[in-house]
Amino acid sequence: MENEVPLSGQSGWRFTVRFLVHDRAALAGLVIIGLFLGWGLVEGVMQYIASYTHVASWGWKLLPSDPISLSLKNSLAAPTLSNLNNLFGANYEGQSVLSQLLYATPHDATASVLVVASAIAIGMMIGIPAGYIGGWTDEILMRITDAFLAFPYLVLAIAFSVLLGEGFTTVLLALVLIWWPTYARYFRAQAISLKNRNFVEASKLSGVGPLKIMLRHIFPNSIDPVIAQATLDFGSVILLYSTLAFLGIGLELNYPEWGSMSSLGVSYFPASWWLVLVPGATIMVIVVAFSLIGDRLQDLVAGRLTY
Amino acid sequence: MAGFVAFLIRRVANAFVTIVLMIFLVFILVHVVAPTPIDMAKLVSPNPRASMQDLENIARDHGFYEPIYIQFVHYVEQVLTGNLGTDLQQGVPEVDLIAQYLPISFEMVLAGSILAVLVGLYTGAVSASNRGGATDYAVKGLYLVTWAAPIFVVAVIVQLVFAFWLKLLPASGIANPLLATPTRVTGFPLLDGIIAGDWAYSWSVVQHMILPALTLGLASFGVVTRLTRATMVDALDKDYVKLAYMKGLPKRKVVYGTALRNAMIPIVTLIALIFGTAVGGAVVIEELFNYRGLGYFAVASVYNLNYVAILAITIVLGISVIVANFIADVLYGVIDPRVRLS
Amino acid sequence: MLLQVEDLHVTYDTVYGTLNALNGVNLSIEEGETVALVGESGSGKSTLGLSIVRLLPPNGRYSKGSIVLNGKNVVSLSGSEVRRMRGTDVFMVFQDPLNTLNPVKRVSTQVLEALAVRAKKENKAFDQREGISEAIEKFKDVRLPDPEVLIHRYPHQLSGGQIQRVVIAIGLLLKPKLFIADEPTSALDVTIQAQVLKLLNSLKSEYKMSVIFITHDISVAYVIADRFAVLYGGEVSEIGEVSKVVKSPLHPYTKALIESIPKRSRKEGELVAIPGSPPNMLSPPTGCKFHPRCPYVMDVCRTENPPYTEADERTLRCWLYERPPT
Ligand SMILES: Nc1ncnc2c1ncn2[C@@H]1O[C@H](COP(=O)(O)OP(=O)(O)OP(=O)(O)O)[C@@H](O)[C@H]1O
Ligand SMILES: [Mg+2]
């Protein structure tokens, strides 16, 4: 009753954006995420140029300093406003925390986007047929999903990167394996609730094949709640990714990670508090930003529009 | 009643099939990594520099030359009869090691998860029933920050504040190492201490458990708050809540007796999942608090390339998640008559 | 006077801004009187009912006016006073029967909860067994089949119409002075509808209960009500004796409403839809809210909202009946 009249005829992208921008918290979230992904892209391109031209310094052209080489003079410099390089202090090797944070951004941005996108893709391919076809197909697909869901995520990720060898790609693979079953369940629930709707029945009667129905009708109509969940999951992926890095999993040579920066800082805590807290706070701000947007989108999807 | 029995049987069957499938996945994973019998032998060989001859013997002993499906049947058989292999470092059955480490973790994560669930339910309900008010925003801010803070940051801060500044509680270990460990009966340190009547030891265990459990609780209550708030907001909008008010029931009874009871239905699944995954998720906490439970053992096994241990832990934790989900399904039926009676 | 609503304004906060759901409603009800509240969807009928029982949704607000029920101003009561008022002074049956009973509790539990509150207010001891038999009696009154069995069921084992009648029975058990029924018969089939209506009619004389009957259906309202209040855009556009208003409607909107009833005698009587669409309450038309759809529209209607006027034994808001300014 409440959302009928004011909402009629209002949906789609423009409405969603207006709805988000209306909420100051969600707007702040959008700005932070925009900066995060934008910077991730820019710095990612720089690092690509560096590896393509074999001139490593391209990677830190835009940063206050080289995040990888030692500069012992600067060792454990405290945060200061007077020097941009040491805005967030420096670590034992004298590397600027700010430079390292910025340098590591592309990995976190890639991880969050890629893992969630792949998890959605796999989840869709398993969940929609399971829900739409039902019967034994559903039974089998869901048992497989449950089996994956049962894997202890941290142990699996660790085991994976040990068994398949260290590296960014391995960690991404492990994260995707952990994440897709949740989406399979969402898509399945959506497909079940959609498959008896009139518009689906109508296309069935007019002889449209099941594959086409799933692609044309079930998928587009089930994507909204999934997107709301995905927004939250971008943050969760970053959390788990940095937890793995904290444990030393998936690290690459000469590539600082937010999690591993924190982890190296633990021995200097609390005297050099910035080493743990600055990367930790960065992660936190970004995760909060994603959840502010995600919460708002979830309100939209659940029809909690008015308050 | 008959309906409920049939419902139970179905759930048990589902859980069993899922466990076998999970073991199958582990089996595949191992065989992808180690495609040949010799590779397999390397995985389970305690000596990393074993000769080819030794490896062939090991492979033969373990039946790695058998057809793959027979190997799988053997593997399932072994896992289900509690044989998870022999530890590469310590040379004892993996089951014994897990039986040693699991209870230690279990006590701590149980305390932490109960804390998370209680705080989550309470804050979620309060926030939903004061929607849009100051309390609501305060709760939202609190859970967002604790949830979004990486667990290692929470752990470090908790240690700093309670152990180093306030000097209230110990920051690492399971119990004061100067105290004699009571005889092992159950494997649960606290329980054993109580059984032995060793109060000094029991008290020390409790003290050591508080900070890791607090960290776990802090890091995971937000998920419960969030879901509780959302389902409570929906429940509070329902006409049956209005009817409860209409009958003249006090607000407390309406919020906790009527709305929360309904909101609990989806929350039960989440709670089961929290308990099911808590041991696996406590890896970082055990690492930082030097709390030598299963998570600590898992990380140590990874660093030592102790494959047998890693696989055993994966399977045990996987089974615990499946069992937790099974319990959630049953509770679902208990809470919701629509599930139980249809 | 049991209920006196005066110049009531209620707003909802929405993402689009403030929605004015009620704009100066006046309504008074005597003891034992039945008033039918009719109007299109979105005209504010449920909002008015909910404001009387103080159960507006969290984004709803009383922005102006008063509701005096049994001598107390509902708008400014404290929490515990509201609780005392609910059930004893007023009871409301909500619009959607599907969710009106708590799905996880047995019907008996939900009825007993109400009886326990009643007993406590009357300072009497409460006996469960007596409560159940009292409830079963009331279930028989509302024509529920097999009340002895049905009372021990869960809501999902009941039909929509049965749930609706259980809720009505709960209301009757509480013996409120004012009974608000929000489209109580919409989920029922025609024969049961008639039964429930008859029942409400007999109970209202038996208990001296006043009733506010919210409905879309003018013929139902005609059967049950003493007076007729027509709501349009959150305002009472016409209110008066049923016979007067239905036989000779004055307000152009009431006329259109009455014309839209299919005449039972004319088998193929076509339903005359009212042209135009209901006002958008976020940005309502200036002047009289009905003017864009009104066949008798005058210049003044577009700019100024008409005041309340007395004409032919009723109160209405329409420039047509306003004495020309002197
Ligand atoms: N919770 C709410 N938030 C925002 N707007 C609301 C809310 N509830 C109702 N409205 C709006 O207030 C106006 C009056 O609604 P109300 O439910 O009182 O109408 P009604 O006459 O009962 O309609 P119906 O016959 O469809 O039940 C409508 O424009 C509606 O969209
Ligand atoms: Mg209504």
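Labels below follow one simple rule: chain letters A, B, ... track the order of the sequence lines, proteins then strands, and each chain is numbered from 1. As the structure is a prediction and not an experimental result, all values here were calculated from the model.
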Counting N and O atoms only, with roles assigned by atom type, does the side chain of [X] sit under 3.5 Å from a partner on the main chain of [Y], one being a donor and the other an acceptor?
X: Thr36(B); Y: Asp39(B); answer: yes
X: Ser263(A); Y: Gly259(A); answer: no
X: Asp87(B); Y: Gln89(B); answer: yes
X: Lys167(B); Y: Phe164(B); answer: yes

When [options] are compared by non-hydrogen pairs under 4.5 Å with chain A, the top option:
options: Val156(B), Val283(B), Thr277(B); result: Val156(B)
options: Ile23(B), Val154(B), Leu160(B), Val153(B); result: Leu160(B)
options: Gly276(B), Ala298(B), Gly280(B), Ala148(B); result: Ala148(B)
options: Ile315(B), Thr314(B), Ile322(B); result: Thr314(B)
options: Ala149(B), Ala34(B), Gly295(B), Ser320(B); result: Ala149(B)

Does Phe106(B) CZ have over 12 foreign heavy atoms under 6.0 Å away?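 Open: at most 12 neighbouring heavy atoms sit under 6.0 Å from CZ of Phe106(B).
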Tyr92(A) OH: over 12 foreign heavy atoms closer than 6.0 Å: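 Counting neighbours around OH of Tyr92(A), 12 or fewer heavy atoms of other residues, nucleotides or ligands fall under 6.0 Å, so no.
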Chain B interface, residue from Met142(A), Glu139(A), Arg143(A) that has the most non-hydrogen pairs under 4.5 Å: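 Answer, by heavy-atom pair count under 4.5 Å with chain B: Arg143(A).
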Any idea which of Leu247(A), Val276(A), Leu240(A) has the most non-hydrogen atom pairs under 4.5 angstrom with chain B?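 Of Leu247(A), Val276(A), Leu240(A), Leu247(A) has the most heavy-atom pairs under 4.5 Å with chain B.
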Chain B heavy atoms under 4.5 Å from [X]: which part of the residue, side chain, backbone, both or neither?
X: Val266(A); result: side chain
X: Phe290(A); result: neither
X: Leu239(A); result: side chain
X: Ile144(A); result: both
X: Leu232(A); result: both
X: Leu292(A); result: side chain

Would you say Ile28(B) and Phe24(B) make side-chain contact, with heavy atoms under 4.5 Å?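 Yes - at least one pair of side-chain heavy atoms lies under 4.5 Å apart.
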[X] versus chain A, heavy atoms under 4.5 Å apart: side chain, backbone, both or neither?
X: Val20(B); answer: neither
X: Leu273(B); answer: neither
X: Tyr137(B); answer: neither
X: Val32(B); answer: neither

Verify the distance criterion only: is there a donor paired with an acceptor across the side chains of Glu287(B) and Tyr296(B) at less than 3.5 Å?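 Looking only at side-chain atoms, Tyr296(B) and Glu287(B) do not form any donor-acceptor pair under 3.5 Å.
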salt_bridge(Arg131(B), Asp136(B)) N-O dist < 4.0 Å: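 Salt bridge flag = no for Asp136(B) with Arg131(B).
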Could you tell me how the ring of Phe168(A) sits relative to the ring of His107(A): parallel (under 30°), tilted (30 to 60°) or perpendicular (over 60°)?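 Ring orientation, 0 to 90° scale: parallel.
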Just verifying a value: how many Å separate Gln100(A) CD and Ser260(A) OG, rounded to the nearest 0.5 Å?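 OG of Ser260(A) is found 8.0 Å from CD of Gln100(A).
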